[in-house]
> 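Got a structure for you, written out below as C-alpha cells; questions coming shortly.
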Amino acid sequence: MAFLTVDRRGRNTLPEQVRRDLGIADQETSFVLLEKTSRGTYELVPASLIPNDQLWFHNAEMQDRVAQAESDFREGRSTLAAGPEEAQAFLDGLKKE
C-alpha cells in the first residue's frame, strides 16, 4: 500500500516503489492511464500513445517495408498459394535461389 499527497492543483508524485512496480521508474516522461473500475475504484495502468506491443509497426523501417509490400501487391508482384503446403514449397524454393 502506498499513499499519495495531492495538492490543490491536483498534482502528486508516485512513490518510487510504485513507479518501479509500474515499470516507469527509469523513464524521463511516462504516460499512465487512470481507469475507473466497475467497483468505483481507480487503477493506474502504464500506457503510451502507441500500445507497446504495436511499437514495432510504427518504426520508420517497418513503415517502408509495409509500403513496399503494398506496392508489390498493387503491381501484381505477389504469389498466391492454395494452402500451407504450397506456401511452404514456394518459400523453400526461394531459399534455393
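Sequential numbering from 1 along the given sequence is applied to the chain's residues.
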> Rounded to the nearest 0.5 Å, how far apart are CG of L33 and CG of L44?
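Going from CG on L33 over to CG on L44, the span is 9.5 Å.
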> Among the clusters formed by ILVMFWY side chains lying less than 4.5 Å apart, do V6 and V18 turn up in the same one?
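V6 and V18: separate clusters.
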> Tell me whether L55 shares a hydrophobic cluster with I24, the cluster being built from Ile, Leu, Val, Met, Phe, Trp, Tyr side chains joined at under 4.5 Å.
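No, no single cluster joins them.
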> To the nearest 0.5 Å, what is the distance between CG on N59 and CD on Q54?
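One finds 14.0 Å between CG of N59 and CD of Q54.
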> Locate the shortest heavy-atom distance separating P15 from F3; write the atom from each residue and the value.
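Smallest interatomic distance, heavy atoms only, reads CG-O, 3.9 Å.
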> Distance-only, no hydrogens or angles: does the Q63 side chain make a donor-acceptor pair with backbone N or O of F57 under 3.5 Å?
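Yes; at least one donor-acceptor contact below 3.5 Å.
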> How long is the gap from CD1 on I50 to CH2 on W56, to the nearest 0.5 Å?
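I50 CD1 to W56 CH2: 12.0 Å, rounded to 0.5 Å.
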> Can you tell me how far the CZ atom of R39 sits from the OG1 atom of T37, to the nearest 0.5 Å?
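Reported to 0.5 Å precision, the distance equals 4.5 Å.
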> Less than 4.5 Å apart, side chain to side chain, heavy atoms only: is that true for R77 and Q68?
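Yes. Closest side-chain heavy atoms under 4.5 Å.
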> For the side chain of R19 and the backbone of L14, is there at least one donor-acceptor N/O pair under 3.5 Å apart?
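Here the side-chain-to-backbone pair exists.
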> Among the clusters formed by ILVMFWY side chains lying less than 4.5 Å apart, do Y42 and L4 turn up in the same one?
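Linked within one cluster.
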> Measuring from atom CZ of R20 to atom CD of E16, what distance do you get when rounded to the nearest 0.5 angstrom?
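Result: 4.5 Å between the selected atoms.
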> Check for me, please, whether V32 and V45 land in the same ILVMFWY cluster - side-chain distances under 4.5 Å, paths through other members count.
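No.
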> Tell me, yes or no, whether the heavy-atom count around D53 atom CG, taken from other residues, nucleotides or ligands under 6.0 Å, exceeds 12.
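Yes, the 6.0 Å shell around CG holds more than 12 heavy atoms from other groups.
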> With heavy-atom distances below 4.5 Å as the criterion, would you say the side chains of D64 and E61 are in contact?
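No, every pair of side-chain atoms sits at 4.5 Å or beyond.
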> CG of L22 to CD of Q17: how many Å apart, nearest 0.5 Å?
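So the gap between those two atoms works out to 10.0 Å.
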